Structure formats: structure tokens, C-alpha cells
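Quick notes on the structure that follows.
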Amino acid sequence: MTRTAYRAALLSVPEDPANGGVAQAHADGLLVVEDGHVVAFGDDAALAERFAGVPVVDLSGRIIVPGFVDAHVHYPQTDRIASHGEQLLSWLERHIFPEEARFGDRAHADTIAAVFCDELLRNGTTSALVFATVHETSVDALFEAALARDMRLVSGKVLMDRGPETLHDTVAGGRAATEALIARWRGRGRGRLGYAVTPRFALTSSDAQLADAGAILAAHGHVLLHTHLAENHGEIAAVAGRFADAVDYLDVYDRFGLVGARSVFAHCVHMSDRAMARMAGAGAGIAHCPTSNLFLGSGLFDLAQADRHGVRVGIGSDVGAGTTFSILATLGEAYKVAQLRGATLDPLRALHLATAGGAAVMGLSDRIGALQPGQEADFVVLDPAATPLLARRTRGASLADTLFALQVLGDDRVVERTYVAGKCLYDRNQVRSAAV
Ligand code: GUN
Ligand code: ZN
């Protein structure tokens, strides 16, 4: 039994403020961790006596928040971030499919998986729902990298039997690889990993493969369904052309049994009220990816529409279409997208979406996202004075106002430390001193 206490300002937003949830904020707080789990989270004055004798890490002047949850990201696209000049379908053809074709090479996949996991940690992201590639071993590479760091990642082999020549599977091959991965990565000794059945999107799978994905999902009660939905006008027109009798894009997935409480759909930028109501009824979740939607010119996600229907929302970086691994910076862009929609995004709600909200979308609310006693101790230490400008802007500011400044002005520079299951896996100051 090893107990450690962390003294800092604490912020956590377990329930969505849009539904009456209230932020748990402690300007002078104490977080107590034992064997990778949270034991206590509250005011230092209230807890100090109970935990007298427990070694204290003094992080005064910093803010501890739950580890960020990236609800949609593509690890094989790490090296193609910031690729110029296209919208979704031609961007995939020109920049992404050639890159993903390289992941049949296990050594390459291992290299990028390690870079990716470390980049998540540098940005305070401790959990993520991750696209791999069509190659079975691309998932092995990622899961091994995550296991070595004890990170809570959920991923799956991409199903795409209608993909390009260099990047496709078959219905039978896709099913066999998916079943093998589910069997291989389950159970004792497999860390905090989870599996997601991952058809790329409606256009790259045959009807038979989409039906098969639905059957695999139904057969395994613990796996998620992870795909893209209603991102871009050209994509939506192509889906409507192929599935002429479907009511809308969501209906295509629905017909194959892919819309349920374990389904996570990235983007959902262009949704009818019918589709949003159906998502709410099914309990499906959305990964809102603002930097990607701006970068590819896809459109402006309507958070207010999702709220009206009561659809659960998390935040995704969607690298490589997304332009940053920083979930803080992604929240700054989510704020601007909301502004362009005539709405506003409260910084505490934004923090909720990026932590407990993402955890809920991934079905992990009982374990991560809020630093409640009993939850896993994944947390981030933020430095509000990380840059001279931030130091000026946040001096004397309230916690909520400081958080907003960190979302608009911050990125990996403000992440001082990242803890995964109670262990410090990233320390900005040690990296800096090692570099000198
Ligand atoms: N739709 C299908 N594949 C992709 C992808 O790799 N990135 C994004 N943003 N959208 C997709
Ligand atoms: Zn994506």
C-alpha cells in the first residue's frame, strides 16, 4: 500500500453542466492516491488531518485536472498531420491511404505507436479511442505500446474491404482478424485496453462487411463500435448515392446493427434532427473534432443541436486531420466553432466534455474522467504560468477564468506532468533538464 498526496488547485467536472452538473473546484486542494486509484479529492484543510503522515507532493500554483480523454484519433496518421490542400475524400486518397499502407510493416507501426503514445502523454491525454489501420498487427503495435505505459486505450483493426488496392481487407479476413484481436487482447495481463469494431466509414465497406461488423458487435458485449459519420458534404452525397433507400447517413449504419449505446461516431457535423433523435434514443455518442472540421473545411458541429436531443458528446483531436494532439487547444477551437454557431461554450463544460464526457462516450465513467474516490488515478498537472503571456493573463484570475485562458492560449507547454494510474509518466521539467 503506497499512498501519495498531491497539493494543488483541483478541478473536476463529473456531470455535464448542461444537465445541471456542478464543477468540483478546490483552490487549495489535496488529491490522495493509493496503488493507482484515487482515495480522496477535496479541500486540503478538510483532508490534511485524515491523511497526516502521507507524503505530500507540493504542486502549489498548479491545477490538477483529470487526464484528458481523446475520443477520436488516428495513430497511423501522426506523421501526416498538417498535410496541405484537400477536403476529406481527396485528402484521404492523396495523403492518408499511402501513409496507412506502410503499417503492414510491424517495425514502422511500433515506431509510430511509441511516438503517438508519448505525444498523448506530453499533452496530458491518458485515454483515447484510436483508429489503427487495416492491418491486424497495427493494433498489436499500439496495444503493446499502451500496455508498456499502462494507458487506457481502446482501438481496433480498420475494416475496409472497399478500400484502395494497397489498403483493403475482405469480409472473411476482416472478421478473422477482428476476432483474433479481441481474443488476444482480453483478460489478465492485458492492462487497461479495450477493443472497438472499426469500420472506417460507410463508403469503404461492402454491405456484407457492415453487416458482419454488426454481428461482431452483437456477439461481444464489451466492445465498442467506432466509425465516422456525416463529416463532409462530398462524403454525405456519395453515401446517399450508394444507399439510395436509406433515410440518411445514420440510417445506413442503423440497418446493419451499428447504432447502439456502445457506438461512437466521429464528427456528426451535418445531422438532421431525426438522426440526432435516433442517436439519443440509442444512447450513441459523438466525438466532436473541431480542429479537424476546420482544417478539412468540413463544417461547424452544432453542439446545441446535440444538447437539444440529449446526445452524449466527447472531444476528439482526430489527428491527422486534426491539427493538434493538445486537447486543451482543441477546446479553444471548440469554443470558436460554438461562437460561429451563435452559441458559447463554458470552460468548465468544455473540461467536462474532454474528461468525464469522453469517458461516458467510451463507457468508462466508472473508472476514469473525474478523479472521484475509487477511480483510476489518471491526472494532469497544468501550469497556468507556463508562458509569460499566460502568467500575466492568469495572475489573480478565478479557476474557471484561468481554465479558459489555458484552453485558448495553451497547448503542450502548459502540461507540467502527466500521471497514469498514479505513476508520473511525463514530467516537463525532467525532459527540459535532460535536454540541457
Ligand atoms: N473518414 C474516413 N476515414 C477518415 C479519416 O481517416 N479521417 C477523417 N477525418 N475522416 C475519415
Ligand atoms: Zn477520424
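Along the sequence shown, the residues carry numbers beginning at 1. Both ligands and their constituent atoms are indexed starting at 1 by order of listing. Note that the structure is a prediction, hence the values are computed from the model and not measured.
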- prompt: Is ligand 1 less than 4.0 angstrom away from at least one heavy atom of Trp91?
  reply: yes
task: Mark yes when over 12 heavy atoms from residues, nucleotides or ligands other than Arg186 sit less than 6.0 Å from its CZ; otherwise mark no.
output: no
- prompt: Should Arg192 and Asp150 count as side-chain neighbours, where that means a heavy-atom distance under 4.5 Å?
  reply: yes
field: Metal site the Zn ion (ligand 2), protein N/O/S atoms found under 2.8 Å
entry: 4
message: If the threshold is 4.0 Å, N to carboxylate O, is there a salt bridge linking Asp207 and Arg242?
response: yes
field: ligand 1 contact on Glu235 by region, counting heavy-atom pairs under 4.0 Å
entry: neither
query: If you measure from the Lys or Arg side-chain nitrogens to the Asp or Glu carboxylate oxygens, is any gap between Arg428 and Asp412 under 4.0 Å?
result: no
message: Between Asp169 and Lys157 (salt bridge meaning N to carboxylate O under 4.0 Å), is one present in this structure?
response: yes
query: Hey, is the main chain of Leu217 close enough, under 3.5 Å, to the side chain of Arg262 for a donor-acceptor pair?
result: yes
- prompt: Among Met160, His228, Gln77, which one has a heavy atom closest to atom 1 (N) of ligand 1?
  reply: His228
message: Measuring only between side-chain heavy atoms, which start at C-beta, is Val239 closer than 4.5 Å to Leu203?
response: yes
field: ligand 1 atoms in contact with Leu92 (distance to a heavy atom under 4.0 Å)
entry: 2 (C), 3 (N), 4 (C), 5 (C), 6 (O)
field: Any His267 heavy atom less than 4.0 Å from ligand 1
entry: yes
- request: Identify whether the distance between the nearest side-chain nitrogen and carboxylate oxygen of Asp118 and Arg122 falls below 4.0 Å.
  value: no
- request: Using a strict cut-off of 4.0 Å, indicate which atoms of ligand 1 neighbour a heavy atom of Asp318.
  value: 8 (C), 9 (N)
query: Which atoms of ligand 1 are found less than 4.0 Å from any heavy atom of His74?
result: 5 (C), 6 (O), 7 (N)
- prompt: What part of Thr204, side chain from CB on, backbone N/CA/C/O, both or neither, has a heavy atom under 4.0 Å from ligand 1?
  reply: neither
- prompt: Does the N or O separation between Arg200 and ligand 1 drop below 3.5 Å for any pair?
  reply: yes
- prompt: Are Arg102 and Asp79 within salt-bridge range, i.e. N to O under 4.0 Å?
  reply: no
- prompt: Does Arg152 come within less than 4.0 Å of Asp378, counting only side-chain N to carboxylate O?
  reply: no
Top protein contact for atom 10 (N) of ligand 1, by heavy-atom distance: Glu231 OE1, 2.7 Å
query: Tell me, do Arg417 and Asp427 make a side-chain contact under 4.5 Å, heavy atoms counted?
result: yes
